[in-house]
Amino acid sequence: MTGIFLCSCLGEVCGRAELEKAAGARVFPGERLCTPQGTASMAVSIREHGVDRALVLGCAAAQVDAVCASLRKAACLGTGRVRALRFAKRGNAEGRAASVRAALAALDLVPEVRTRKTKPNREVLVIGCGATGRAASEALASLGRTALMTEAASVTDIRGSAGRFTVRFRNVGGDGENARTFGALIVAAGLPEPDASRKPFVPGRIIPLADLSDRLSGLSRREFPASLAVVLDMEIDETRAGFEEACRACLDAKSLRPVETWVFLHDARVAGPGLEDLYDRAREAGVQFVKYGGRIRLDAAGSGVKVRARDTVLGEEVEISCGLAAVSGYGLATPADAELTAMLGIGTDALGRLQENNIRLLPELTGRAGIFVAGACRGATYGPDAVRDARNAALSAHELLSRPVETELSHAVVDGDKCALCLTCVRLCPFRAMTVNAEKKQAECVPESCMHCGLCAGECPNKAITLPLWSDGIILALSGAAPDAASVAKEKRP
Amino acid sequence: MKGGIVALCCENSGWKALASLGDDPVLDGVEAVRLPCSGKAETGMMLKILEKGAAGVLVLGCPKDDCTFLRGSARAQKRVAVARAALKDAGVGEERVRMEFISSVDTPRLAEAIRAMKAALEAHEGKA
Amino acid sequence: MSTYIVVGSGVAGCAAALAFAKAGNKVELLEAEGRIGGKVLSYCCKATDSCSRCGVCTAHDLFAQILAHPGVAIRTAVDLRTVREAGGRTSVRVGASGPWIDPKACIDCGRCVPACPSRAIRRYARGGVSFHHIEGTQCADAPDAPCPSCRNACPTGAIHAADPAGTLKKADGVLLALGHRPFDPALKPRLGYGRFPNVFTGAEAEEILSRRTTLTRADAASTAAPRSVAFIQCVGSRDPLLKRNWCSAVCCAYALRLARLLAHRDPGAEITVYAIDVQDFDKALTPLRAELEAKGVKIVRGVPSSVDSAAGGRLRLLVEDPKSGARTAEHDAVVLSVGLGPDPRARATAARFGLDPDADGFLPEGGGGVRAAGTCAAPQGIPGSMAQGRAAALELMSGRAGGHVGSRAGGHG
Amino acid sequence: MITAVRKPFDEIRDLVKGYDRLLILGCGTCVTVCMAGGEKEVGILASTLRLADQKDGRSREITEATIERQCDREFFDAVKEKMAAADAVLSMACGVGAQFCGEVFAGKAVLPALNTKFYGTTEGPGVWSARCSGCGTCVIADFGGICPVTRCSKSLLNGPCGGSSKGKCEVDPANIECGWQLIHDRMKLLGRLADLEAVQPLKDWSTGRDGGPGRIVKEDATL
């Protein structure tokens, strides 16, 4: 039976009799329904009269969402079984009656929604054994949670959803595979090293920046270059990590031998604690910074390396030749490895790195619950940011696994008769919740992965998919488009 | 403007921006429908709402890269494009369906978008 | 189940408070101002049809979660009377410098607004968050002449009286998220702030654009958008002379995002950003700069040294051009991208908790039971501050319980 | 699958001009998969027609239905009443379904809403391309599994016409891959490049469309 709760501060909405007649509902007038006491009084009426659907009519200020949420908990009504309407002081009775009818029609179509609790697997898999991966494992351990660290290369398959991922590994010996289940995955796989043999590198003359310090420390006095150039921002804008590495490498080189050093870059990336001081120290030590615009040309001519670029500060072409050139690998190598990305089923950003560049995901979330990313593999190459990512990922994994995974069973429902298995929903779902049920020969939704966004239902060419709490009937009713509740209620309930 | 504007709002952006407009007169004649995501708004739904007598349908989605469901508003944009093409075919004028990307905290731009749609509908009605 | 105190309810403080609460702990969130949220409430959304990832909307979602979470208790207009640390636990006597409204109990009914004789009560409603708060400077309540009118009008008892004595709160860990103070451009008078109405600070531009869609002052004659806007970077940052030799990290972020927004809204506008070095504030900085170039936004190397008036109310900027020496450029409006700096009040509060700031005045991340996060620890943007708040919360939760908090806190989460 | 695209709206509007009670009938199989005639498209076309009618002040009753397939008689039973109540049926099935609907309901005006295109595959979401022309004698084995009749715009069997550039066909360089480029690359991959030296005999086109409308009888399956 539907209960209409009429708040006293609203005064006359439209005739009380008219309300009851409109939908065969029972009207309960009440005092200040948006306060905790008001909610409690409504809950009592709901229990006493066996109300299973509630419509609260309040003034313009009422916190609609908060009232619905608290009443649902207080009167243990299912999701979607409580709706609230706010009426501005203006507005005519006819308009308000129509809104009440629309809301009642929508309420009438809301099915019973159960929730399912599953105990999550408590172990976390950290993919990547670099600094970020280790930071994540330490943070997990400090939260009393066991973590297994592995290299991305040894992972062969990932299935399942938050709380229960099944991951297959290559056996250490390389023959055969083994599988284990984990509650959550933290991906800290870093970025692949650039290929030192391909353009723009020339072995021994133009080398990756990461190898510069080792190479210099291994040289004798005679072999040490008289001049050295570091190049940043070659393909894409460098991060603070590359800038810091360039400054340190030049300062280290000068500490070994008197050597003339240049750093070619678009901008000095100093937005981190201590980086401005490092930049000052490098300049004081004689490192020459050239802020170039556009393309930079390197060619290993004769014994040295010629570097040509346009200096945007002086506004003219600059050309130097040096004994050794080091180019930052950032943005040169192909980004996150495609195979791991496919196994994880998560999106990548415009530059091909893990995690779509969506503000709601920053810093450690991905589209899929239970899968987190941290550090260079998502583009955060600057040390302190990567460690912070790792800690955030560990905390999110801990939050997910410290209580049963509660799944509200109002996920998308596929009508097998109408499904033509066109796979549109399977391809579209950002959360890999839609799969193919081979036995039933239809698409099917995994409740644990479904985020109830309705994209699949909106795209299905045969309207075979319904989101129970947001069915066409409910939306049409809410948009006042349905003339009366009766015609809409006829719709087949999932 | 005969009939009202039905605003199909994503509950993470448009719905919150509309709520913070409170009872601003710009909302007169605007019926807000809450959706889990603008990606749930279907072309057929928009046309059916217009058939039932609404003057216009305004789909409010999150700006790209702000969408809680990652691709919702991008899908909605494509579906609004199909609806507008259908309205153009029917000779009813494509401005009766419009897509706006408004985040939950961009109240001024929502008010401006609603005013713009009302003006476009009135201009069209004057012509038709 | 532990209790934590978070001082400061900006994005860093709220992110930490939510992390503590989600792990099953009790949190006392203390805010010195009359309202929670900090400076983010005055920042605008800088999205065009696509988001620029500034974080203002996710900050509001965070505030909404804090207001809804039962484990977090909020007190505003807080005046910390005493701070004592004993055996790993910190006890703080929390007073109230004036009447304050608890945003969790406020049902936004607005009855207190007409009841207040000195019209000191404001309403904030944006991004799914709405509450009333008292403007301390306006409120006529005084220790010797208390004014109970708003308290009597409130149906839910959300308004509390001033409390000079204060109540004692004990906590197993304290997080200081005390925020920052934007640079006051009056310290660089040649940039014309205050002399010319169409010279804005970055903070002002954000506040204006969060209320209106054009960059014009409320009392300006015409509300037409300025056709030519200049952003001047590094105002009060990377400035050894003013002993502010750090990069404030956020000015390139908000300047380029505002430039993109203004260029999108008025394609004919001429937007120029005068910068020294553009910082890496976004994962997709390269595509963003390409988009700016395509939209005609020019990023010019070199920061103007002075702003003077020119004909027609316009502004003339003196820019050093390496080839031809100084040259001038004229614009309709100038935004001074002021940087972040330590807030002197924050330094005093931190000292009481035993945290001493570094040479620049920023707080160390701290150790043991007291940590610092957000812009009081280092200049950073909204997503960075939130991430640092959560990371500091993790350190406090794990550090405190020697590593077995996981199972205990999770026991009845 | 059989792929199709919807006819332009003006053409459809002219087709149904004279009818006051119209049934728009969708098909739930091939044309649903290629997004041309499923229940969603039926809804969109119906709403568009109704909006156009509203604007022109024309009163007309337009009903909607979608059945599993329009190429099997029994599936039409589900819409018998709606069929009877309609003056005409706008079939959103492929050419097969539209015609068979006319046969099942002899005497009822059945109008096609789609233009049927080719036997094709889904290259990616929203993109379909042809693979077979139903010539009745499959020869792809000689060409590494790629059909020259379909994939070459001129259906050449003995080598490319020489008009392609960068692997694209001169007929439509933007969209059509040169069939023979594909065949060459595939045969090279299979190490059978030499087999292309063999001369293909004249092709007997009578096994396909040129032999008149096709008919298959599988004796064991007839009742």
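Just so we're clear, the structure is a prediction, and the values are computed from it rather than from any experiment. Convention: sequence-line order gives letters A, B, ...; per-chain numbering from 1.
Atom CZ of Arg297(A) sits in a crowded spot, with more than 12 heavy atoms from other residues, nucleotides or ligands closer than 6.0 Å.
Contact annotation for Cys460(A): only backbone heavy atoms (N, CA, C, O) come within less than 4.5 Å of a heavy atom of chain D.
Across all non-hydrogen atoms, the minimal contact from Val33(D) to Ala420(A) is CG2-O, 3.9 Å.
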What are the sub-3.5 Å donor-acceptor pairs between chain A and chain D, distances to 0.1 Å?
unit_1    : atom_1 : unit_2   : atom_2 : d
Lys418(A) : NZ     : Glu39(D) : OE1    : 2.7
Lys418(A) : NZ     : Glu39(D) : OE2    : 3.3
Glu459(A) : O      : Lys40(D) : NZ     : 3.2
Pro461(A) : O      : Glu39(D) : N      : 3.2
Pro461(A) : O      : Lys40(D) : N      : 3.0
Asn462(A) : OD1    : Glu39(D) : N      : 2.9

